[in-house]
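These notes are about the structure you will find just below.
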There are 2 protein chains.
Amino acid sequence: MGVTIYDVAKKANVSMATVSRVINGNTNVKPTTRQKVIDAINELGFRPNAVARGLASRKTTSVGVIIPDISNLFFAELARGIEDIASMYKYHIILSSSDQQKTKELDLLDNMLEKQVDGVIFMGSSVTDEHIEAFDRANVPVILAATVDESQSLPSVNIDYYQAMKEAVESISDDTTSGIGFVTSPLNAKINDMKKQGYIDALKERSLPFNEESIFDGDDSYNSGIEAANQFLSLSQPPKAIIASSDEMALGVIHGAQDNGVKIPEELNVIGFDNTRLANMVRPTLTSVLQPMYDIGAVSMRLLTKLLQGEDIEQEQITLPHRIVERDSTK
Amino acid sequence: MGVTIYDVAKKANVSMATVSRVINGNTNVKPTTRQKVIDAINELGFRPNAVARGLASRKTTSVGVIIPDISNLFFAELARGIEDIASMYKYHIILSSSDQQKTKELDLLDNMLEKQVDGVIFMGSSVTDEHIEAFDRANVPVILAATVDESQSLPSVNIDYYQAMKEAVESISDDTTSGIGFVTSPLNAKINDMKKQGYIDALKERSLPFNEESIFDGDDSYNSGIEAANQFLSLSQPPKAIIASSDEMALGVIHGAQDNGVKIPEELNVIGFDNTRLANMVRPTLTSVLQPMYDIGAVSMRLLTKLLQGEDIEQEQITLPHRIVERDSTK
DNA sequence: GTGAAAGCGCTAACAG
DNA sequence: CTGTTAGCGCTTTCAC
């Protein structure tokens, strides 16, 4: 560029300190002086250099966001939540996808810290001791969004996955004979484990059958939902309901079942997870466990701003409400 | 933090200049010295400060990305392409959603420039003179991704929207009596105009009827697709085919038609645009115009790295290939 | 092959 | 209310 705070100072016949004050909205400047400076800024087309400011102030007003995959609907929605609040508080987002690979996650964190981000929002499948160590060394606040850490030592924003899943199972109408299938995935391993536990406990409470065949390990894709349906329907005693840990897999289940001539919901109930826009884009429409992705992102970022600005925090581990949105794929 | 290049220098008994050389892989350092420095770096847990480096070198290795809406499947995919190439070349991404509002776009650009980004990738609905001016003042390269600018003065990456749409119309089987409907949206106005022109020209060539009723102005949402279907089917002479400018709207069209008891593709052909994952998640599966979103992002970023590193550019306005992926919603 | 020194553009005491 | 003066941590000539 070229034009600096110093050029502005000269043009306005003041010191650079005064220019700095004007730029930063410091009130201790006489209105006339302020105006002189503002005029000079406009005439010169001066644009403050945030890098220099960052070096001097040790604050960059940018936060790092480590996300598994930005092209995934679920995370993209979450990212939007983060972003909206960030821009509301004048922060910038440095965004990187990790594909949930630990080395990549750790590398990204390091790179972001080199860039002197003021804080980090982390989304990942599991939080290992190595992660915790790295977060500690970071010296800036790190928030977990839609990510659980068993040690509970980090600020985080989640829903109660265990309970949500349990309710999903309970929402299925009574019929004590046949079982309920569950389609899981390795993505977000920790969270899916919690869902699985909720699923198992709920079955137990209802004295419904459970065995290894009750669970299908998908990969979070539509196609693995189709495979799951085929698998379940080929059992000697097919389940009367299938719950998938993502909407996309649930859509696959619906279509897979329909391709087998199974009527939904009459012969098979299907429940998805996340209540993404997809839930409305299928016939029958999909009953799904609403997980407020956007809000998780927004609340995470808000929490981070509080941490950054030294505001009081009542609660560092936040649990947002979930709810089952009933549509036509059940009952 | 605390530990600086200076601490490392002291510990290794060299000058900070030498440490700097080691960090930057400068070859003019004696191997033994280099090793001493590296040891010191590790012992101290030194992490270079990219902000200071940015100030001194006037390069930040970060690029700004202005995107309409990161939670939109189409753009999210594009963003992933940008990101993958960026990280391959050690650049960071500063990402912000503009909602295609001009003021926001311009503001974001300004903010990013203050942060001294080395370049910008811009996605937006239309490129006005004001945009061009702002891009000029930027003093860093700006690339348009999936965004057309009539003046053709900026580097850009797109497909041939006009031609793609024309081919979509041509792909519909002959039947000279009834017309073909088009569902458009204000999003990406410029691009949709080109599609519209391709649509109109193709109709003309096939001597198919065209009037105002042939076009439905949607809003890019699933629901507006449903409305479009209702609207078209209520015409005295309903079209025998409907093309939507996005897959999500096309899905709406399919379901809207099916809800009216219309059989697809027997009674109505439907074609979407973008060939997103959605195209496989409907019954019947959706024929769609493949637009390589990921590639558009990747190629844009690659182009930017070339510009940034002074590599030779053969072509600044890149047109990527498109293609119609036929599925069960047509013929 | 290595060191000294001068900035990069701005913030932040500290005076006055 | 305003100016002076140090840095922030690193890169980059220019010497030696």
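Note that these values count all heavy atoms, side chains included, but never hydrogens, waters or copies made by symmetry. Just so it is clear: chains get the letters A, B, ... in the order the sequence lines come, proteins before strands, and each one is counted from 1.
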Touch class at under 4.0 angstrom, heavy-atom based, for B/N28 against every strand present: base
CD (A/E150) with more than 12 external heavy atoms under 6.0 Å: no
Over 12 non-hydrogen atoms of neighbours within 6.0 angstrom of CG in A/D129: no
For atom CD1 of B/I23 and atom P of D/dC10, their distance in whole Å: 6 Å
Length of the OH-P vector between B/Y6 and D/dG7, whole Å: 12 Å
Protein-nucleotide distance (B/I5, atom CD1; D/dG9, atom C1'), rounded to Å: 7 Å
5' priority, DNA chain C, between B/V29 and A/P48 [closest heavy atom]: B/V29
Residues B/D84 and B/R80 bridged, charged N to O under 4.0 Å: yes
Interface limits on DNA chain C, where chain B has a heavy atom under 4.0 Å of a nucleotide atom: C/dG1 to C/dG9
Value rounded to 0.5 Å, distance of OG1 in B/T147 from CD in B/Q100: 8.0 Å
Check the interface with nucleotides 12-16 of chain D: list each N/O to N/O pair with the protein under 3.5 Å, or write none.
none

Between C1' of D/dG9 and NZ of B/K10, the distance in whole Å: 15 Å
Position toward the 5' end of DNA chain C (nearest nucleotide), B/P31 or A/L55: B/P31
For B/D69 against B/F75, the heavy-atom pair lying closest together: O-CB, 3.6 Å
All ring-ring contact (aromatic ring centres under 6.0 Å, His included) counterparts of A/F122, not counting sequence neighbours: A/H131, A/F135
Electrostatic pair A/K306:A/E316 at N-O distance under 4.0 angstrom: no
Gap separating the NZ atom of B/K90 from the CG atom of A/N111, nearest 0.5 angstrom: 7.0 Å
Any donor-acceptor N or O pair under 3.5 Å, side chains B/E83, A/S97: yes
Distance below 4.0 Å between A/R58 side-chain N/O and D/dC8 OP1 or OP2: no
Sugar-phosphate only, base, or nothing, as touched by B/V14 at under 4.0 Å among non-hydrogen atoms: sugar-phosphate
